[in-house]
*Asks:* 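The structure under discussion is supplied below as C-alpha cells; questions concerning it will follow.
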Amino acid sequence: MSIETGVLYVVATPLGNLGDISPRAAQVLGEVDVVAAEDTRVSGRLLAHLGQSAQRLLSLHEHNETARVPDLIQQLSEGASVALVSDAGTPLISDPGFRLVAAAREAGVRVSPVPGPSALIAALSVAGLPTDRFVFEGFLPAKSAARRSRLQALDEERRTLVFYESSHRIEACLGDMTEVFGGARRGVVARELTKRFEQVADGTLDELVAWLAADADHCRGEFVVVVAGDAREERTAESASVEKVLGVLVETLSTRQAADIAARITGAPRQALYREAQRLKNLQAGEDE
Ligand code: SAM
C-alpha cells in the first residue's frame, strides 16, 4: 500500500533503539515529499539508518513552528505528502507539532497517525501499577515551589500518575513527591527505556529516593516517573474541615500550637494533627524558598 498525496502523517520514531522503527513508519518516511523534523540532525541519523535521503528534511521545532505552518499547509493543500517526526517517540506528546496538526485539521487536510513508541506508554506497560485509568502530567514545573503546588493539586488523584523528567531534576522531583504524597506511596522510575542502560526501579517513594542516591548513574539519562494514585479512603466532609482548620492555623502558629488548637476545635486526635501540621509546614517552607 503506497502513501497518499495531500496527507500529513504523524510518525512515531524510536525512543533510543532504532530497531523499534515500524516497517510502515520506514515506508512513510521514505516516500513522503517532506519530513518535518524537530531536529534535522537527529532525524537525519534515523533516515541514514534506513538508507534514505536526508534532502527532504525540514526543521520544525518549538521556536519556528508558527512561522512554518502556513507554508506546510499550502504544500499539503497542493497535494504534497508530509511526515511529522520528533527526536524520539510520538510527536505532540511533550513535543512540537500541535500547531501544525491543528492547522491541518482546520484546513481540511487529512492527518493520519503512524503509531509507535512513546515513553509514557512504554513506562506504564512495565510499571506494574494500575493502567485502566491514568493521568499524563508531562513535565512538572522546574522550580520547586511551583512543582510542589502542582503535586499538591494531584495529591488526591486516584488514577495512576505519569510524569516525564530529566536527569537535572529527577532527584529534586522525587524529593518533592515524597514530601507531598508521603514516602509510603508506591511508584516506578523508568530510566533509559529501550536503551543500553535501561532500568525500571519500583518501590515506595522513600525507597526510590534512596535508589537514586545509591548510584550517580541512576540519575543519568531520561526518565518516566509513574506514581500510584491516592489509595486512601475517600475523605469525609468532617476530615476535610479538620484539614481546613489546621491549614489556616499553621499559617501563623507553630506546629504544636496549631495541632493543639485544632484538636480542641475539632476533637480530632492531637498526634495525627501534629503530623499533618508538620507536613503542611514543610510544604509552606518549600513554597517560601
Ligand atoms: N514525544 C516523546 C514520547 O512520545 O515519549 C517524549 C518527548 S519529551 C521532549 C522527552 C522526555 O520523554 C524525556 O525527558 C523523558 O522524560 C521521556 N523519555 C523519552 N525517551 C525516554 C526513554 N528512552 N526512557 C525514559 N524516558 C524517556
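As the structure lists them, so they are numbered: ligands from 1, and atoms in each ligand from 1.
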*Asks:* Check whether any heavy atom of V224 sits under 4.0 Å from an atom of ligand 1.
*Replies:*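 Judged by the 4.0 Å heavy-atom criterion, V224 does count as contacting ligand 1.
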
*Asks:* Out of Y164, F223, F197, who gets a non-hydrogen atom closest to atom 3 (C) of ligand 1?
*Replies:*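 Of the listed residues, Y164 has the closest heavy atom.
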
*Asks:* From the options S94, S86, G221, G89, select the one whose nearest heavy atom is closest to atom 8 (S) of ligand 1.
*Replies:*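 Ranked by closest heavy atom to atom 8 (S) of ligand 1, first place is S94.
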
*Asks:* Do any nitrogen or oxygen atoms of S166 come within less than 3.5 Å of a nitrogen or oxygen of ligand 1?
*Replies:*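 Looking only at distances, the answer is no, because the N/O contact criterion of under 3.5 Å is not met.
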
*Asks:* Check each heavy atom of S118 against ligand 1 and say whether those closer than 4.0 Å belong to the side chain, the backbone, both or neither.
*Replies:* both

*Asks:* Closest non-hydrogen protein atom to atom 25 (C) of ligand 1, residue and atom name please, with distance?
*Replies:* E222 O, 3.2 Å

*Asks:* Can you confirm whether the side chains of N282 and Q278 place a donor and an acceptor under 3.5 Å from each other?
*Replies:*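 Q278 and N282 do not have a side-chain donor-acceptor pair below 3.5 Å.
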
*Asks:* Any N or O on E165 sitting closer than 3.5 Å to an N or O of ligand 1?
*Replies:* yes

*Asks:* Applying side-chain contact (heavy atoms from CB on, under 4.5 Å), run through V32 and V82 and close with a yes or a no.
*Replies:* CA-CA 6 Å; V32 287; V82 176; 5.9 Å; no

*Asks:* Can you find a pair of side-chain heavy atoms, one from E192 and one from E222, that are under 4.5 Å apart?
*Replies:*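 Heavy-atom side-chain distance check passes, below 4.5 Å.
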
*Asks:* Could you tell me whether E198 approaches ligand 1 through its side chain, its backbone, both or neither, with non-hydrogen atoms closer than 4.0 Å?
*Replies:* neither

*Asks:* At what distance is the nearest protein heavy atom to atom 23 (N) of ligand 1, and which residue and atom is it?
*Replies:* L193 O, 2.9 Å

*Asks:* May I ask you to identify, for D95, whether its side chain, its backbone, both or neither come under 4.0 Å of ligand 1 on a heavy-atom basis?
*Replies:* side chain

*Asks:* Is the side chain of R169 donor-acceptor paired with the backbone N or O of S144 at a distance under 3.5 Å, no angle test?
*Replies:*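 Such a contact is absent between R169 side chain and S144 backbone.
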
*Asks:* Return yes when F139 approaches ligand 1 closer than 4.0 angstrom through a heavy atom, no otherwise.
*Replies:* yes

*Asks:* Look at atom 2 (C) of ligand 1 and find which of P14, A88, A119 reaches it with the closest heavy atom.
*Replies:* A88

